[in-house]
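Just so you know, these numbers use all the heavy atoms, side chains as well, and skip hydrogens, waters and symmetry mates.
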Amino acid sequence: MKAAVIESVGKAVVMEVPDPTPGPREVVVEVAACGLCGTDLHILQGEFAPTLPIVPGHEFAGEVVGVGTQVTELSLGDRVAVDPSLYCHECRYCRTGHNNLCERWAAIGVTTAGGAAQYAVAPAANCVRLPEHIRTQDAALVEPLSCAVRGYDVLRTRLGAHVLIYGSGTMGLMMLELAKRTGAASVDVVDINAQRLSTAQLLGVSGSATNAAELDRPQGWDVVIDATGNAAAIQDGLDRVAKAGTFLQFGVADYATRVTIDPYRVYNQEITITGSMAVLHSFERAAELFAAGALDPEVFISDRLPLADYPQALEQFASGVGRKIVVVP
């Protein structure tokens, strides 16, 4: 089969690789679409994946075309979205309900071969059936939505919160849609990319700007979410949290990224600084939200490119052109 392969740091190619074979409790999925994500860029930079080469792609959906000998809950022809998370279920963090912090954390498309290919293997337990009205290609959005749902689980915001989001790429826009659905009094978005900011405006924001200083909230925001991973955005966002407010680090920063906090202000104003890492007990809920129309795929997916163009798709994504880019085998 054909698959995208990150061969070495900075080098992605499309090549022939062996067809996958399912284990007893696994299925083979014929991939309908696979989304690109900031994590893929980190893998390209030599971060996250323990070894290269690797077939990337942790946001994918498709049709079951092979089943392991012990799989009874899925059948050939089932259309599924795949949760890429792989946990040991034995370490301290798994046993205390923090599986996403598993000491042996792994993920399809990060530590094992992923969905940027014609076929991918996944545990049957990680597959969620899609309802008839959902297009399989669109369901590549379920995985990033599940990360956003996890982010809101961490926030535990109250009704009527004023929310500021840095970044209007896919994840920032998803956090915008969830903020609207969870009773925010206002949602403002900051982005230096005018094209992406226009999409946030299309979806409906209280305010938008290229700099938070342009927005009229001198007392700050109850919730500030960074969906960029950019040091300058993070630093600015930390300074704009209101008293008793929360800053959520949601964007994935480079390992070397550093910012400065004001410990006295954190203490004196009871500011919470927290993070949200990947998926945790949120994939099925994300699939249900997606099926209920929480996201418009035509707004979120800007480009559907052939798998053969995966290296170029990565370059486009890195340049900030478009929103969610998916490759179609």
Rounded distance (nearest 0.5 Å) linking atom CZ of F290 with atom CZ of F300: 9.5 Å
Side-chain touch T246/V241, heavy atoms, less than 4.5 angstrom: no
Cluster overlap I325 with V13, hydrophobic side-chain contacts below 4.5 Å: no
Donor + acceptor pair across side chains of Y87, S85 (<3.5 Å): yes
Side chain D303, main chain L305, donor-acceptor under 3.5 Å: no
Reported CG-to-CH2 distance for the pair L164 and W221, which is rounded to 0.5 angstrom: 5.0 Å
Expected output: side-chain T96 to main-chain R92 donor-acceptor under 3.5 Å: yes
Distance-only polar pair, side chains of Y166 and D236, donor-acceptor under 3.5 Å: yes
Straight-line distance of H281 NE2 to D153 CG, nearest 0.5 Å: 9.5 Å
Closest non-hydrogen atom pair between R104 and C88, with its separation: NH1-SG, 3.1 Å
Side-chain heavy atoms of I165 within contact of M171, under 4.5 Å: no
Side chain to side chain contact (heavy atoms under 4.5 Å, CB included) between I43 and T39, intermediate numbers included: CA-CA 6 Å; I43 294 172; T39 297; 4.2 Å; yes
Nearest-0.5 Å distance, CG of residue D239 to CG of residue D262: 8.5 Å
Single-linkage hydrophobic cluster, 4.5 Å side-chain cutoff, V55 and V121 together: yes
V128 and V80, any side-chain heavy atoms less than 4.5 Å apart: no
Closest heavy-atom pair and its distance - E143, H58: CG-O, 3.5 Å
Shortest non-hydrogen contact from N126 toward P84: ND2-C, 4.2 Å
Main-chain N/O of I134 paired with R79 side-chain donor or acceptor, under 3.5 Å: yes
Heavy atoms from other residues, nucleotides or ligands near CD of E270 exceed 12 (cutoff 6.0 Å): no
Heavy-atom check, side chain of T170 versus side chain of F317, under 4.5 Å: no
N/O donor-acceptor pair under 3.5 Å between D19 side chain and M1 backbone: yes
Heavy-atom check, side chain of C127 versus side chain of L74, under 4.5 Å: yes
Residue pairs, two or more places apart or on separate chains, that pass salt bridge (Lys or Arg N to Asp or Glu O under 4.0 Å) and touch residues 20-41: R25-E73
Closest non-hydrogen atom pair between G237 and V224, with its separation: O-CG1, 3.7 Å
S168 (side chain) donor-acceptor with L197 (main chain) under 3.5 angstrom: yes
D254 (side chain) donor-acceptor with A256 (main chain) under 3.5 angstrom: no
Donor-acceptor contact below 3.5 Å, side chain S302 vs main chain R323: yes
From CA spacing to verdict: side chain to side chain contact (heavy atoms under 4.5 Å, CB included), V142, L289: CA-CA 9 Å; V142 173; L289 282 170; over 6 Å; no
Heavy-atom closest contact (V187 atom, A179 atom, distance): CG2-CB, 3.8 Å
Audit row: L52, E7, side chain to side chain contact (heavy atoms under 4.5 Å, CB included) steps and yes/no: CA-CA 6 Å; L52 295 177; E7 282 192 314; over 6 Å; no
Heavy-atom side-chain contact between Q249 and T274 under 4.5 Å: no
More than 12 heavy atoms from other groups under 6.0 Å of CZ on R95: no
L314 reachable from V9 in the ILVMFWY side-chain graph, under 4.5 Å edges: yes
Validation row: L141, P297 side chains within 4.5 angstrom (heavy atoms): yes
Distance in Å, C34 SG paired with Y310 OH, rounded so as to fall on 0.5 Å steps: 6.5 Å
Cluster link L248 to I261, ILVMFWY, side chain under 4.5 Å: no
Donor-acceptor side-chain pairing of S319 and E315 below 3.5 angstrom: no
Gap between atom CG of L280 and atom CG of L101 - 0.5 Å precision: 8.0 Å
Side-chain heavy-atom pair R150, N100 within 4.5 angstrom cut-off: yes
Salt bridge present between R129 and D78 (N-O < 4.0 angstrom): yes
ILVMFWY network linking L130 to V31, side-chain heavy atoms under 4.5 angstrom: no
Y255, OH: over 12 other non-hydrogen atoms inside 6.0 angstrom: yes
Residues D188, R240: salt bridge by 4.0 Å N-O rule: no
Evaluation steps, side chain to side chain contact (heavy atoms under 4.5 Å, CB included), between F250 and D226: CA-CA 6 Å; F250 185 66; D226 173 70; 5.9 Å; no
Heavy atoms from other residues, nucleotides or ligands near CG of N268 exceed 12 (cutoff 6.0 Å): yes
Check: G322 main-chain N/O paired with R196 side-chain donor or acceptor under 3.5 Å: yes
Under-4.0 Å salt bridge between E177 and K180: yes
Under-4.0 Å salt bridge between K2 and E16: yes
Heavy-atom donor-acceptor pair, S282 side chain to S146 backbone, under 3.5 Å: yes
Whether Q235 side chain and T260 backbone form a donor-acceptor pair below 3.5 Å: yes
Shortest non-hydrogen contact from P53 toward V5: CB-CG1, 3.7 Å
NZ/NE/NH1/NH2 to OD/OE distance under 4.0 Å, R304 and D138: yes
R285 CZ: over 12 foreign heavy atoms closer than 6.0 Å: yes
